[in-house]
Amino acid sequence: MRLSLSQRVLAAAVLLASASIGSQLFAHGNVTPQPVDTTALPEIGDAWLQHNPYRGNAKAAEIGESAFGQNCARCHGLEAISGGIAPDLRYLELGDSGDEWFIMRYQHGSSHDGKVYMPPLGEVLGQKAGWAIRTWLETKHTDG
Ligand code: HEC
């Protein structure tokens with residue numbers, strides 16, 4: 001099969017993009033982020049909110065539980081009970097100040113000295129999925 005020039009340029013761009021996303025996201029193991037279906041939740045727009053618009057919403061908690069299992073549990077532990085690789089998210093503060101810390105990490109992840117400890121997930125999974133996970137986490141809250 002012969003590819004046109006534009007097809008070849010496109011193929012090269014796709015390869016490059018997947019290589020660089022790969023090295024950022026998969027530093028802790030080869031697990032692809034799993035898309036989360038949030039169509040059942042109210043729209044909240046594109047601008048990032050600082051406080052959880054779904055707090056106490058049972059549907060959001062249900063979606064968040066499964067999204068957490070697929071995207072966060074491998075580092076933060078099943079049921080959010082940490083095995084020690086990453087912080088135990090049951091201890092995150094409840095309410096608005098916990099929300100702000102949560103969404104900052106979710107959006108931007110965490111790196112020090114050029115090493116990725118947690119990949120940024122906001123772009124990949126979206127804001128609705130983030131707040132759904134936060135809603136579920138609040139139902140698991142434990143005092144440290
Ligand atoms: C590759 C492993 C990894 C994955 C996947 C991961 N995290 Fe993290 N997360 C970490 C590590 C490590 C830290 C600690 C970072 C630090 O202190 O610099 C952290 C920190 C956090 C914090 C701050 C906790 C605190 O007490 O300061 C939150 C909130 C968080 N992660 C949420 C999530 C959510 C939600 C997901 C899934 C959508 C997720 N993380 C996926 C490794 C991961």
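In listed order, ligands and their atoms are each counted from 1. Only this structure's heavy atoms are used, side chains among them; waters, hydrogens and symmetry mates stay out.
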**OP:** Could you walk me through whether Met104 and Gln50 pass side chain to side chain contact (heavy atoms under 4.5 Å, CB included), step by step?
**Re:** CA-CA 8 Å; Met104 187 274 289; Gln50 293 303 302; over 6 Å; no
Subject >> Atom nearest to atom 8 (Fe) of ligand 1 - His76, N, O or S atoms considered >> reply: NE2
**OP:** With heavy atoms under 4.0 Å as the rule, classify the contact between Leu137 and ligand 1 as side chain, backbone, both or neither.
**Re:** neither
**OP:** Check each heavy atom of His112 against ligand 1 and say whether those closer than 4.0 Å belong to the side chain, the backbone, both or neither.
**Re:** side chain
**OP:** Using a 4.0 Å heavy-atom threshold (strictly under), name the region of Tyr91 that reaches ligand 1: side chain, backbone, both or neither.
**Re:** neither
Subject >> Leu125-Trp48 co-clustered via ILVMFWY side chain contacts under 4.5 Å >> reply: yes
**OP:** Check whether any side-chain heavy atom of Asp99 lies under 4.5 Å from a side-chain heavy atom of Arg55, and answer yes or no.
**Re:** yes
Original post:
Of all the atoms in ligand 1, which lie at a distance below 4.0 Å from a heavy atom belonging to Phe102?
Top reply: 29 (C), 35 (C)
Original post:
Taking C-beta and beyond as the side chain, do Phe102 and Ile133 meet within less than 4.5 Å on heavy atoms?
Top reply: yes
Original post:
Based purely on interatomic distance, does Tyr117 place a nitrogen or oxygen under 3.5 Å from a nitrogen or oxygen of ligand 1?
Top reply: no
**OP:** Would you mind telling me if ligand 1 is within reach of the side chain of Tyr106, the backbone, both or neither, using heavy atoms under 4.0 Å?
**Re:** side chain
Original post:
Relative to atom 22 (C) of ligand 1, which among Met104, Arg134, Arg105 owns the nearest non-hydrogen atom?
Top reply: Arg105
Subject >> Glu65 side chain near Glu79 side chain, heavy-atom distance below 4.5 Å >> reply: yes
**OP:** Say whether Ser110, considering both its backbone and side-chain N or O atoms, lies within less than 3.5 Å of an N or O atom on ligand 1.
**Re:** yes
**OP:** Classify the contact between Pro87 and ligand 1 as side chain, backbone, both or neither, using a heavy-atom distance cut-off of under 4.0 Å.
**Re:** side chain
**OP:** Run the contact test for Pro119 against ligand 1 with a 4.0 Å cut-off on heavy atoms, strictly below, and give the result.
**Re:** yes
Subject >> Option whose closest heavy atom lies nearest to atom 2 (C) of ligand 1, chosen from Cys75, Gly130, Ala132, Ala73 >> reply: Cys75
